[in-house]
**Student:** 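Have a look at this one before I ask anything.
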Amino acid sequence: MAAFLSLEDAIATHVKPGMCVALEGFTHLIPFAAGHEIIRQGITGLHLMRMTPDLLYDQMIGMGVADTLTFSWGGNPGVGSLHRLRDAVEKGWPNKLVLNEHSHGEMSVAYSAGAAGLPHGLMKGHSDTDLRPLQTGRTAEVECVFTGAPLTAVRAVNPDVTILHAQKADRAGNVLLEGITGAARDAAFAAKAVIVTVEEIVDDLGAPMNAVVLPRFVVTAIAEVPGGAYPSYTHGYYGRDNSFYIAWDEVARDRDRFRDWMDRHVVKAASHGAHLEALGVLA
Amino acid sequence: MAAFLSLEDAIATHVKPGMCVALEGFTHLIPFAAGHEIIRQGITGLHLMRMTPDLLYDQMIGMGVADTLTFSWGGNPGVGSLHRLRDAVEKGWPNKLVLNEHSHGEMSVAYSAGAAGLPHGLMKGHSDTDLRPLQTGRTAEVECVFTGAPLTAVRAVNPDVTILHAQKADRAGNVLLEGITGAARDAAFAAKAVIVTVEEIVDDLGAPMNAVVLPRFVVTAIAEVPGGAYPSYTHGYYGRDNSFYIAWDEVARDRDRFRDWMDRHVVKAASHGAHLEALGVLA
Amino acid sequence: MTGKTYTSGEMMTVAAARLLPDGAVCFVGIGKPSAACVLASMIHAPNLVLIYESGTVGTRPSVLPLSIGDGELADTADAVVPLTEIFSHYLQGGRIDVGFLGAAQIDRFGNLNSTVIGPYDAPSTRLPGAGGAPEIITHARDIFVIMNQTKRGFVDKLDFRTSAGLLNGGGERRRKNYPGRGPSVVVTDFGLLRPDAETDELTLVSLFDGAKAEDAVAATGWPLRVAGKLDVIAPPTTEELEALRDLNARTEAAHRTPVKLHLKKTA
Amino acid sequence: MTGKTYTSGEMMTVAAARLLPDGAVCFVGIGKPSAACVLASMIHAPNLVLIYESGTVGTRPSVLPLSIGDGELADTADAVVPLTEIFSHYLQGGRIDVGFLGAAQIDRFGNLNSTVIGPYDAPSTRLPGAGGAPEIITHARDIFVIMNQTKRGFVDKLDFRTSAGLLNGGGERRRKNYPGRGPSVVVTDFGLLRPDAETDELTLVSLFDGAKAEDAVAATGWPLRVAGKLDVIAPPTTEELEALRDLNARTEAAHRTPVKLHLKKTA
């Protein structure tokens, strides 16, 4: 059952060097605060996993947290490149980064299979792309045992830890996600441990019928971190800071400027609250 | 895009003798009115499909509508046997009934695979039961292409028509289901055509974020049939008439009494509204 | 059972309830399993998680459901999800601690029949069928079976194996790497049977107060093994009995309430 | 384009919008595809269904999303579903009429590269990667590609084939029974290219008002085929241009609004 911890304790307890860690979120509910805490704790050698590594993974990769990345789209949405990700792939800075590259459809099947306790899932058809030959051990061409139709097996993924941000948890440890959930549910069920940061802990989730609720026995640790998704957003709490995403393009272009920014705004920040206050985004 | 039709027209247009028809609903939202209309129109030779054939399928089978049944649990929940289903299987009355029998897990995978455009889905492990040898062409033992782990392939099902009952449709044809949805969503996406009866057609669904909504382009026809799930229930509209389920046990035990009841209450009823009125259940 | 102030059904429900550890995630069916889980959550296991295959997770019914998809289960649930998700993410995904099952027939290794009596193609009695039992018995970490013990139900050979328990015994299930351990206890109207650690054969290990081992043996269609030392299970406490009877009374009243449809209009 | 009262980007968006039949179910990306779909729904296709891979179905944004998961898309959607369901039930399930794609490189058969420039293991430019493009181009009934036409982008040979268009042409895709037909049109800043009915080779078939075929040929990295008779595409109407500019102005204002967090407290 879910334990209520500080963010520091949740990360220190459950995230160890060398683990496979999925900080999911699809534009919405990206767990920035948790990723920053991983950076602050100096954890390295992680296998980071996420369909859409964006600014948070750019920051983590640029700070040397990761040695492997499993992903399907790595960009700054609507803005352009992730310069730190590119620098790692193109120049090996600050370290070489092994890519396990997929399409969204493949990642979606891999998470779902992992969540369902299956060793692999299926997609319709074979593929005439240059991506598939790079996926030895992760995808394979098979045929329907009934019809002979071409299918592709996609190996399940099971992160050691999935980290999510969500709107609310109740005191029993049930977690409510509202709005765009992306692959969050499947990434949680696929994982061996699940850490969730939430905007607030409440007596009653007030969840509508059929809402997306992660039940308490699927959640390992909960930390209350208001604003924990900023500059991504939390539906019903605050909007996405598009200007931050646009401004990041300049910050991340230069290694020194990036390191300086991270040092001042993340590494030396006492907490996520202090980070937000220093950015001047608190009302 | 969804057409708004009378129930009579929806059934007459889309349900033809010999088709595979899934009237889904898991205790909740069972489309009794639509099933009764199929009986009234004298359609026969249907391949009926449903995880939990209950009273409605007992009635349809007893009236000679079906020659094949794909299912995973056929009983009167909390009460006992379906006497008409038993009579068809044990004595071939009123006609022989071919059974494509499954477990819930298998049916769930078969619907999901059908909904996802796959020829089959997967379950973990092989099976040491007497059911599997009866499922030639529907399940098969396979192995994980990556690990060699035992898996079972379950062939997809794709009903010609899936029929559902739901709370509301909006005027564009989007349909809201609230409460226990069972396999309704997957049965709808797996089907070639989808008929939905609804309690009411409204300007605005008022659906909460992340509600279960079948979008208009998945729905073929919508008919407004208040009380269309009785004696099953529609969450937020009326409760399940447990006393009807209990009383059905006696009605269905005897062929003549059954036929007489159906003739008076269903075949000769001018409409579902008249049926409900005659039963004395309208407030 | 003469002289008793409670029925054997009540004793079975109470005994099953006592077996549930607090916090366990239970996959529940209707009837005695529901009663046992709700009773346990009222007495000693307030953090029990009840999951019904209809898609209701963490439900807290104040009355017992007549069907597995009653509205009460949805209204009081932490989450209501599609049935497909229950079977993929929860059951096959390995999230269930205890599954409850009943059946028409059980054999000495806890294999179950809920499909037919007689041959499959010409049954003397067609039963409802598998439902989710084959997956529950495969994937739940632990399985509790609840059945009245009779020669018709406790058979030397099943007419049909719907759900795979401990297979042919002797550790076969373990060797085949089933995800869950299979049936670890059978609650009958005489007491508890548990599989022998070596042979997997169901063995009478506990008797309800006043029940006799020879009666249990006589009610079994195979030569039932009886443990050397038989535990005696205490009768229901006043607290247990009152809670269970209140629950059953509330349930009966709820199920008797006539339904009236307030329709805006009828088509 | 000198003398024009509109930009080539506006013309591309308008041309793409006009291609959309009312009622079509569109799988939309950010940028020009979003603009084209929203514009079409304001002008001639009020029943267009917009689906974003983030899980928003039937969304009606009043401003264009900067990212594919903006809150606006969820707030105005008919349904918000898990991304996994978008890819399984909607895309692979065959529910999408039109998918929009762009890329860094396209070849003469509409195959696309959005992965790398240079070798995969030592790229000169690492691009964002596939996203959902390989599945969109496989399963949507029809594909519209929107790209500025340059020698760098319209290449004789892709550095990397991320998404399979018409493969090696000559009906190969059809023979391989791909569910969707693949790219049927490429909207560039010169006009429209369409695959030849026999060879599948992309052919310039329409020009924007004032655009010249020889300029399009010069901007293409292979010897571009030009149709015998070239349609001329009418400039944006006043209605189209006003609607598009209003949309863009609303969008820019919305994206400029600073975000302030009203937090109950900070941890």
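A, B, ... follow the sequence lines: proteins, then strands. Residue 1 opens every chain.
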**Student:** Ring centroids only, cut at 6.0 angstrom: are His165(B) and Tyr237(B) within range, meaning strictly under it?
**Tutor:**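 Ring centroids of His165(B) and Tyr237(B) are no less than 6.0 Å from each other.
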
**Student:** Heavy-atom distances under 4.5 Å only: say whether Leu7(B) touches chain C with side chain, backbone, both or neither.
**Tutor:**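 For Leu7(B), neither part sits under 4.5 Å from chain C.
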
**Student:** Salt bridge or not between Asp249(B) and Arg253(B)? Use side-chain N to carboxylate O under 4.0 Å.
**Tutor:**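 Looking at Arg253(B) together with Asp249(B), the answer is yes, because their closest N to O distance falls below 4.0 Å.
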
**Student:** Is there a side-chain contact between Leu82(B) and Leu55(B) (heavy atoms, below 4.5 Å)?
**Tutor:**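 In contact.
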
**Student:** Do Tyr120(C) and Arg126(C) have side-chain heavy atoms sitting under 4.5 Å apart?
**Tutor:**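 A side-chain contact under 4.5 Å exists here.
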
**Student:** So which bits of residues 159-176 of chain C come within less than 4.5 Å of chain B, counting non-hydrogen atoms only?
**Tutor:**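 Residues in range: Phe160(C), Arg161(C), Thr162(C), Ser163(C), Ala164(C), Leu167(C), Lys176(C).
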
**Student:** Any ion pair linking Arg132(B) and Glu141(B) (charged N to carboxylate O, less than 4.0 Å)?
**Tutor:**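 Salt bridge absent between Glu141(B) and Arg132(B).
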
**Student:** Flag the one option from Ser243(B), Ala183(B), Gly227(B) with the top tally of heavy-atom pairs under 4.5 Å to chain C.
**Tutor:**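 Top option by heavy-atom pairs under 4.5 Å: Gly227(B).
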
**Student:** Quick one: what part of Met51(B) sits under 4.5 Å from any heavy atom of chain C, side chain, backbone, both or neither?
**Tutor:**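 Contact with chain C involves the side chain of Met51(B) alone.
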
**Student:** Under 4.5 Å heavy-atom distance to chain B, tell me which part of Tyr178(C) shows up: side chain, backbone, both or neither.
**Tutor:**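 Contact with chain B involves the side chain of Tyr178(C) alone.
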
**Student:** For Ser124(C), is it the side chain, the backbone, both, or neither that has a heavy atom closer than 4.5 Å to a heavy atom of chain B?
**Tutor:**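 Backbone only.
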
**Student:** Could you look at Pro123(C) and say if it's the side chain, the backbone, both or neither that has a heavy atom under 4.5 Å from chain B?
**Tutor:**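 Both backbone and side chain.
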
**Student:** Dump the intermediate steps for salt bridge (Lys or Arg N to Asp or Glu O under 4.0 Å) on Arg181(C) and Asp142(C), then the final yes or no.
**Tutor:** CA-CA 6 Å; Arg181(C) 68 194 289 196; Asp142(C) 200 357; 3.5 Å; yes

**Student:** So which residue, His139(C), Glu72(C), Glu85(C), Glu53(C), ends up with the most heavy-atom pairs under 4.5 Å with chain B?
**Tutor:**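 Among the listed options, the one with the most contacts to chain B is Glu53(C).
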
**Student:** Take His83(B) and Asn76(B) through the test side chain to side chain donor-acceptor pair (under 3.5 Å) and record every step on the way to the result.
**Tutor:** CA-CA 9 Å; His83(B) 300 291; Asn76(B) 184 342; over 6 Å; no

**Student:** Ring pair (Phe, Tyr, Trp, His ring centres under 6.0 Å) with His102(B): which residues, sequence neighbours excluded?
**Tutor:**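 With sequence neighbours excluded, His102(B) shows a ring pair (Phe, Tyr, Trp, His ring centres under 6.0 Å) to no residue whatsoever.
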
**Student:** With a 4.5 Å cut-off on heavy-atom pairs, point out which of Ala133(C), Ser54(C), Pro134(C) contacts chain B the most.
**Tutor:**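 Ranked by heavy-atom pairs under 4.5 Å with chain B, first place is Ser54(C).
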
**Student:** Heavy-atom pairs under 4.5 Å with chain C - which of Asp128(B), Leu85(B), Thr181(B) has more of them than the others?
**Tutor:**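 The candidate making the most pairs under 4.5 Å is Asp128(B).
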
**Student:** Based on non-hydrogen pairs under 4.5 Å, which of Leu83(C), Leu91(C), Thr138(C), Leu261(C) is most in contact with chain B?
**Tutor:**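 Top count of heavy-atom pairs under 4.5 Å with chain B: Leu261(C).
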
**Student:** Do Tyr52(C) and Asp70(C) meet the criterion of a side-chain donor-acceptor pair at a distance under 3.5 Å?
**Tutor:**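 Not at all, the side chains of Tyr52(C) and Asp70(C) share no donor-acceptor pair under 3.5 Å.
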
**Student:** Evaluate the side-chain proximity of His104(B) to Met107(B): yes if any heavy-atom separation is below 4.5 Å, no if none is.
**Tutor:**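 Not touching, per the 4.5 Å side-chain cut-off.
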
**Student:** Name the option with the most non-hydrogen atom pairs under 4.5 Å to chain C; the candidates are Ser6(B), Ser103(B), Ser81(B).
**Tutor:**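 When all of Ser6(B), Ser103(B), Ser81(B) are compared, Ser103(B) has the most.
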
**Student:** Examine whether an atom of Tyr111(B) lies under 4.5 Å from a heavy atom of chain C, and if so say whether it belongs to the side chain, the backbone or both; otherwise answer neither.
**Tutor:**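 Neither part.
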
**Student:** Measuring heavy-atom distances to chain C, does Arg240(B) have an atom under 4.5 Å in its side chain, in its backbone, in both, or in neither?
**Tutor:**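 Both parts, backbone and side chain.
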
**Student:** For the candidates Pro179(C), Gly132(C), Pro82(C), Gly69(C), which exhibits the highest count of non-hydrogen atom pairs separated by less than 4.5 Å from chain B?
**Tutor:**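 So the answer, after comparing Pro179(C), Gly132(C), Pro82(C), Gly69(C), is Gly69(C).
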
**Student:** Non-hydrogen atoms of chain B under 4.5 Å away: do they reach the side chain of Asn113(C), the backbone, both or neither?
**Tutor:**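 Neither part.
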
**Student:** Check whether Ser112(B) gets within reach of chain C through its side chain, its backbone, both or neither, counting any heavy atom under 4.5 Å.
**Tutor:**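 For Ser112(B), the contact with chain C is made by the side chain alone.
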
**Student:** Would His262(C) and Tyr238(B) count as a close aromatic pair, with their ring centres under 6.0 Å?
**Tutor:**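 That pair fails the under 6.0 Å test.
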
**Student:** Just jot down the side-chain contact (heavy atoms from CB on, under 4.5 Å) partners of Arg40(B), sequence neighbours excluded, or say none.
**Tutor:**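 Scan of Arg40(B) (side-chain contact (heavy atoms from CB on, under 4.5 Å), adjacent residues dropped) gives His36(B), Glu37(B), Val266(B), Ala269(B).
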
**Student:** Which one of Asp121(C), Asn177(C), Thr125(C), Leu73(C) has the most heavy-atom pairs closer than 4.5 Å to chain B?
**Tutor:**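 When all of Asp121(C), Asn177(C), Thr125(C), Leu73(C) are compared, Thr125(C) has the most.
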
**Student:** Output yes when a side-chain donor or acceptor of Gln167(B) lies under 3.5 Å from a complementary backbone atom of Thr234(B), and no otherwise.
**Tutor:**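 No; judged by distance alone, with no hydrogens or angles, the pair does not exist.
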
**Student:** Near Arg152(C) CZ, under 6.0 Å, is it more than 12 heavy atoms from other residues, nucleotides or ligands?
**Tutor:**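 Not buried by this count: 12 neighbours or fewer within 6.0 Å.
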
**Student:** Against chain C, label Tyr230(B) side chain, backbone, both or neither, depending on which of its atoms sit under 4.5 Å from a heavy atom there.
**Tutor:**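 It is the side chain, since no backbone atom gets that close.
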
**Student:** Looking only at heavy atoms and a cut-off of under 4.5 Å, which of Gly55(C), Gly131(C), Gly71(C) has the most pairs with chain B?
**Tutor:**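 Result: the option with the highest number of such pairs is Gly131(C).
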
**Student:** With a 4.5 angstrom heavy-atom cut-off, could you sort out which part of Asp186(B) is near chain C: side chain, backbone, both or neither?
**Tutor:**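 Just the side chain, heavy atoms under 4.5 Å.
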
**Student:** Does Phe144(C) have any ring pair (Phe, Tyr, Trp, His ring centres under 6.0 Å) partners at least two apart in sequence or in another chain, and if so, which?
**Tutor:**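 Per chain and number, Phe144(C) pairs via ring pair (Phe, Tyr, Trp, His ring centres under 6.0 Å) with Phe100(C).
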
**Student:** So do the side chains of Ser34(C) and Pro65(C) get within less than 4.5 Å of each other, counting heavy atoms only?
**Tutor:**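 Contact flag for Ser34(C)/Pro65(C) side chains = yes.
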
